[in-house]
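First the structure, in the form of C-alpha cells, and then the observations on it.
Every heavy atom of this structure was used, including side-chain atoms; hydrogens, water molecules and symmetry mates were not. Naming convention: chains lettered A, B, ... in sequence-line order (proteins, then strands); numbering from 1 in each chain.
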There are 2 protein chains.
Amino acid sequence: MTVMVTALNGLRQMISSGELRPGQRFPPEADLCARLDVSRSSLREAVRVLDTLGVIEVRHGSGTYVSRLDPADVIRGFSLTVDLLPLDGLLQLFEIRRVLEGNAAAQAAARAPEELIDRLSALCDEMEASDDVAAMSALDDEFHEAICVAAGNPTVTSLIGVFRSRGRHYKIFDSDPSAPVKRTSDEGHRAIVEAIARRDPAAATAAAASHVARTEFWLSTLQPAPDN
Amino acid sequence: MTVMVTALNGLRQMISSGELRPGQRFPPEADLCARLDVSRSSLREAVRVLDTLGVIEVRHGSGTYVSRLDPADVIRGFSLTVDLLPLDGLLQLFEIRRVLEGNAAAQAAARAPEELIDRLSALCDEMEASDDVAAMSALDDEFHEAICVAAGNPTVTSLIGVFRSRGRHYKIFDSDPSAPVKRTSDEGHRAIVEAIARRDPAAATAAAASHVARTEFWLSTLQPAPDN
DNA sequence: GATATCGAGTCATCAGATGAGTTGGCTGCG
DNA sequence: CGCAGCCAACTCATCTGATGACTCGATATC
C-alpha cells in the first residue's frame, strides 16, 4: 500500500469514526503529517483527493474542513469521472437513467404543483418552437431537471444530473431541426407532461422511461467521437 | 483556479479529447509538467486524484496509463466518498436502491437461469438457519449480488454495490437472532425468490422494493453512530 | 466605537535530491 | 542459436526545505 493511501485512509477514518463532524476543522498539515507519519507531499495528495471529491474543503490561509457531507454534493463529484466514460460504456448507464427518471416522473405526477406543470408545458412550447441546437439542449436540461426537483429527492436529482451531463457532450440533434429525432423528442416531452398533468404516475413512468430509451437508441447509432 | 485543477483538467482533456485511448500511456511526469506548465507536485496531485478514482493507472517504474474506463470499475470508485456519508444522508440514497434493486429483481425474474433460482433459494435456507450476525450479513450480500448479476448489467450491479456497501457499516440485526427484524428480512428474501421463480417481474419488483424499504425503515430508527 | 494595520497561522507551489520498481537490451554460457 | 542472468536507463515514490499568498483576529489609531 502506498504512503498516500495510508494518508487517505487516515483522513477518511477521522471522518468515519466521528472524530471530525461535518464543518469541523482538521489539524494543520504539519500535525497531520506527524500523526499519520507521512510526509507533507503524501498528505497533500490525499487531501487533494478528498477535496476534489467534495468530502473535505481546503480553505487557503484558514485550514482544512470536513464538508457538509450532503449526499447531493458528494454525488455531483462523480461527474469528474463519469464525464470521461467512452460512448460504449456510457450506454450501460442508460438503464439507470431509464429507471431513475421513470421513477422521478411518477413522483412528479403525484406531487408536482400546478405551477410546475404549467412551466413544463411552456418549456415544451419553447422547445417545439426552437430550432437552435444549443438553446434546445438547454431547455431540455431545464425540463428534465424540473421534473427531478419536483420528485423531491435532491440526491436522486443530483445522480440523474451526473448521468445526464455525460450525454450532453454528444449532439444527438443534427443540424436539421425538422429531423425526425427532434419531432420524436418533442412528442416524448409532451407525453410526459400530459401524464404528469393527469396525475397518472404509471403513465408518467412509462413516458419518461420510453423517452430515455429513445435517447439511448439514438446515441447507440452514433459512433463518431465526442468533441471536447 | 488552483494550479492543481489546471493539471487535472489538462489530464482529463487528454482523455476526453481522444488523444489518449484506454490502455495508452501518458508521457513521463517531466514532459507533462512542461506541457501543462505546472510543477511536479501539482501534477502528481492531479494524477493521484484520477488514479484513486480509477480513471488512470499509475504503474511504479513503468508509467501512467489510461485505465480501461469500464463503467463498473469507475463507479466502484464512488464508494470512496459514499462510505463517508452520515446516516441521515445515507437514507436519501435508499430511494435509489429501492428503484434500482426493484428493477434488477424484475430483470432477474425474466432472465435468471434455473441454477440461480436454486442458489437463491439455498441462500435463503442458510440465512434462515444462521444465527451469526457476520455470516448472515455475508449471505445477504451474496443474495443481493446474485440477483444483480442475473439482471445482466454490470454497471448497475456496481452502482447498487456501492450504495449497499455503505449500509453494511451499520448493524441492523441486533444480537438476538430471533428478533422480528431477522424474521421479516428472511421473509422478504423468500418473497423475492418466489417471485423470480414464478417468472413474475412485477411481483419481483414489488418484493425487492419492499425489502429495501423495510431496511430503510430499520436504519431510520437507528440513531447510534457507526463503529469504524 | 469604528477603522486601519499588522502579524501569526495556514495552505499553495515550486525545486531538488534520493529511493525503488520495471523494462528491455546486452552478455556470456550451454 | 537459444536462453538465463545481469545491468543500465527510464519512470514513478517520497521526502525535505524554501518561498509566496491568503485569512483572520489582535492591536493600534483616530
Side-chain angles (χ1 to χ4, degrees), chain A residues 1-15 19-69 73 77 80-81, chain B residues 1-15 19-69 73 77 80-81:
Chain A
M1 189 170 63
T2 66
V3 174
M4 177 277 207
V5 172
T6 305
L8 188 63
N9 288 336
L11 293 174
R12 292 178 69 218
Q13 186 164 0
M14 290 178 75
I15 301 175
E19 179 182 342
L20 254 44
R21 313 216 138 271
Q24 286 191 303
R25 201 180 81 167
F26 281 89
E29 285 182 346
D31 294 4
L32 281 176
C33 289
R35 168 170 172 169
L36 302 173
D37 192 34
V38 301
S39 75
R40 260 195 25 260
S41 319
S42 300
L43 175 73
R44 283 184 57 75
E45 286 172 9
V47 166
R48 288 294 215 189
V49 170
L50 295 178
D51 178 45
T52 305
L53 262 38
V55 167
I56 69 181
E57 213 174 304
V58 181
R59 300 184 205 150
H60 187 174
S62 169
T64 303
Y65 302 76
V66 180
S67 80
R68 292 191 302 121
L69 292 180
D73 290 340
L80 192 76
T81 59
Chain B
M1 190 170 63
T2 66
V3 175
M4 177 278 208
V5 173
T6 305
L8 188 62
N9 288 336
L11 294 174
R12 291 179 68 217
Q13 186 164 0
M14 290 177 76
I15 301 174
E19 179 183 342
L20 254 44
R21 313 216 137 272
Q24 286 191 304
R25 201 180 77 166
F26 281 89
E29 285 181 346
D31 294 5
L32 281 175
C33 289
R35 169 170 170 169
L36 301 173
D37 192 33
V38 301
S39 75
R40 227 179 114 234
S41 319
S42 300
L43 175 73
R44 283 184 56 75
E45 286 171 10
V47 166
R48 288 293 214 190
V49 169
L50 295 179
D51 178 45
T52 304
L53 261 38
V55 167
I56 69 181
E57 213 173 304
V58 181
R59 301 183 205 151
H60 187 173
S62 170
T64 303
Y65 302 76
V66 180
S67 80
R68 294 192 300 120
L69 291 181
D73 291 338
L80 192 75
T81 59

Q | Those residues that, when tested against B/Arg48, pass salt bridge (Lys or Arg N to Asp or Glu O under 4.0 Å) (two or more places apart) | A |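 B/Arg48 satisfies salt bridge (Lys or Arg N to Asp or Glu O under 4.0 Å) with A/Glu45 only.
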Q) Please, which pairs that meet side-chain hydrogen bond (donor to acceptor under 3.5 Å, both in side chains) have at least one residue in residues 52-62 of chain B, sequence neighbours excluded? A)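 As it turns out, the side-chain hydrogen bond (donor to acceptor under 3.5 Å, both in side chains) pairs with a partner in residues 52-62 of chain B, which skip direct neighbours, are B/Ser62-B/Tyr65.
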Q.
Between P on D/dT14 and CG on B/Asp51, what's the gap in Å once rounded to a whole number?
A.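 B/Asp51 atom CG is separated from D/dT14 atom P by 11 Å.
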Please enumerate all residues that pass side-chain hydrogen bond (donor to acceptor under 3.5 Å, both in side chains) together with [X], with sequence neighbours excluded.
X: B/Gln24; answer: none
X: B/Arg25; answer: none
X: B/Arg68; answer: B/Asp73

Q: Output yes when a side-chain donor or acceptor of A/Ser67 lies under 3.5 Å from a complementary backbone atom of A/Gly54, and no otherwise.
A: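 Yes, A/Ser67 side chain to A/Gly54 backbone: donor-acceptor pair under 3.5 Å.
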Q: Could you run through nucleotides 4-12 of chain D and give me one letter per nucleotide, 5' to 3': B if any protein heavy atom sits under 4.0 Å from the base, S if only the sugar-phosphate is that close, - if neither?
A: -------BB
**Q.** Residues which pass side chain to side chain contact (heavy atoms under 4.5 Å, CB included) with B/Asn9, listed by chain and number, not counting sequence neighbours
**A.**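 Scan of B/Asn9 (side chain to side chain contact (heavy atoms under 4.5 Å, CB included), adjacent residues dropped) gives B/Met1, B/Val5, B/Arg12.
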Q. Does B/Val3 have any side chain to side chain contact (heavy atoms under 4.5 Å, CB included) partners at least two apart in sequence or in another chain, and if so, which?
A.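 B/Val3 satisfies side chain to side chain contact (heavy atoms under 4.5 Å, CB included) with B/Val38, B/Ser42 only.
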Q) Are OP1 or OP2 of D/dC15 and a side-chain N or O of A/Ser42 less than 4.0 angstrom apart? A)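 Checking D/dC15 against A/Ser42, a side-chain N or O does come within under 4.0 Å of OP1 or OP2.
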**Q.** Contact boundaries on DNA chain C for chain A, cut-off under 4.0 Å to non-hydrogen atoms
**A.**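 First and last nucleotides in contact are C/dG9 to C/dT13.
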